[in-house]
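Here the structure is laid out as structure tokens; the discussion comes afterwards.
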Amino acid sequence: MAVRYAFKLYIAGNTARSQHAIATLRAICATKLGGQCLLTIVDILEQPEEAEAARILATPTLVREQPLPTIRLTGDLSNLEAVYQRLRLALAPEPTVSGPTTEFAS
Amino acid sequence: MSGVSGLTIPRVPSGIDGFDLISFGGFPRGRTTLVSGTAGSAKTVLAAQFLATGARTEGEASVFVTFEESPADIRRNMISFGWDIAKWEAEGRWAFVDASPQPGDEIAIVGDFDLAALLVRIEHAVRTTKATRVALDSIGAIFTRFPSQAVIRYELFRIAAALREMGVTAVMTAERTEEYGEIARYGVEEFV
């Protein structure tokens with residue numbers, strides 16, 4: 001089954017801010033995207049070369065890789081309205097299917 | 001030149017003869033110096049020359065953190081001064097940290113953030129090349145791209161502290177709007 005949405009979330013260490021961004025992203029996937037998400041979490045403290053390759057400056061940074069076009073969002077996703085607007089998501093929740101698939105890049 | 005007491009900070013020659021003369025030897029070793037100038041006053045060239053001197057000196061290496069111009073533009077512009085940056089990159093004596101804006105790259109802020117990734121990339125480049133010199137050109141550009149001055153100012157302070165920790169001699173360029181008066185456009189950089 002092809003995954004419809006693919007996100008990469010770049011974080012700097014396991015901080016409260018990182019945890020908030022991860023939790024928010026998972027919630028958005030579950031409630032708005034029917035769970036059809038592949039989430040990859042990249043800790044730039046462990047993998048600085050990933051930050052360099054993707055030219056990341058700020059953390060957290062969320063990159064939507066699928067569907068195109070690629071979208072980049074800066075911040076811990078606490079401004080949900082801005083997140084939905086950028087990702088063009090309706091504010092009303094959509095039916096939940098299964099949970100998202102989460103991968104930790106290592 | 002008259003002797004200066006042993007209490008002064010040692011200097012790193014910039015390679016710019018006129019500057020090394022008026023600054024008693026160059027930039028303070030192991031510190032970050034702010035160089036501010038009006039637009040078009042050749043701040044990027046000064047930063048590049050400082051780094052070129054490092055790339056050409058045995059036991060030294062340089063990292064150029066560029067917030068405005070792309071590495072390709074800098075390579076192209078500096079070759080006319082006889083600085084073959086691409087060659088130094090191939091030799092591991094020079095590395096770019098490309099923090100320049102990408103086409104279509106509009107910063108969308110959706111919450112709290114910091115610039116930890118920028119710091120990590122700088123540290124990674126310094127470690128990889130064993131750099132002794134770092135230039136950040138120009139920090140005004142990072143203020144315009146991100147909306148929160150307080151966050152950017154704090155993150156620049158963290159970066160300056162990390163540069164000191166790494167023992168590199170660094171130059172940060174900033175823009176000023178007039179020849180005299182405010183030192184830098186955002187009024188905060190001189191306190192970083």
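Residue numbering restarts at 1 for every chain, and letters A, B, ... go by the order of the sequence lines. Worth knowing before you read on, the calculation uses all heavy atoms, side chains too, and leaves out hydrogens, waters and symmetry mates.
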Of the listed Thr59(A), Thr70(A), Ile44(A), the one with the largest count of heavy-atom pairs under 4.5 Å with chain B is Thr59(A)
Side chain, backbone, both or neither: which part of Arg17(A) has an atom under 4.5 Å from a heavy atom of chain B?
side chain
I'd like to know if Leu73(A) and Tyr5(A) are part of one continuous hydrophobic network [Ile/Leu/Val/Met/Phe/Trp/Tyr, side-chain heavy atoms within less than 4.5 Å].
yes
Which residue, Val110(B), Ile107(B), Asp112(B), forms the side-chain contact (heavy atoms from CB on, under 4.5 Å) with Thr74(A)?
Ile107(B)
Side chain, backbone, both or neither: which part of Leu119(B) has an atom under 4.5 Å from a heavy atom of chain A?
neither
What are the two closest heavy atoms between Ala116(B) and Ala12(A), and how far apart are they?
CB-CB, 3.6 Å
Rounded to the nearest 0.5 Å, how far apart are CG of Leu57(A) and CZ of Phe113(B)?
10.0 Å
Which heavy-atom pair separates Arg121(B) from Pro48(A) by the least distance, and what is that distance?
CG-O, 4.4 Å
Given the rule that I, L, V, M, F, W and Y join up when any side-chain heavy atoms are under 4.5 Å apart, are Phe64(B) and Leu34(B) in one cluster?
no
Which atoms form the tightest heavy-atom contact between Ala117(B) and Ile56(A), and what is the distance?
CB-O, 3.5 Å
Do Leu115(B) and Val168(B) belong together in a cluster built from hydrophobic side chains that touch within less than 4.5 Å?
yes
Value for CD (Gln47(A)) from NE2 (His124(B)), rounded to nearest 0.5 Å, stands at 11.0 Å
For the residue pair Asp98(B) and Glu52(A), what are the closest heavy atoms and their distance?
N-OE2, 4.2 Å
Is Ile16(B) reachable from Leu21(B) through a run of hydrophobic residues whose side-chain heavy atoms are each under 4.5 Å from the next?
no
Per-residue contact mode, Phe67(B) against chain A (heavy atom under 4.5 angstrom):
neither
Under a 4.5 Å heavy-atom cutoff, which of Ile142(B), Val120(B), Asp114(B) has the most pairs with chain A?
Asp114(B)
Engaged part of Gln102(B) at the chain A interface, taking heavy atoms whose separation is under 4.5 Å:
side chain
Out of curiosity, does Leu118(B) fall in the hydrophobic cluster containing Ile109(B) (side-chain heavy atoms, cut-off under 4.5 Å, transitive links)?
yes
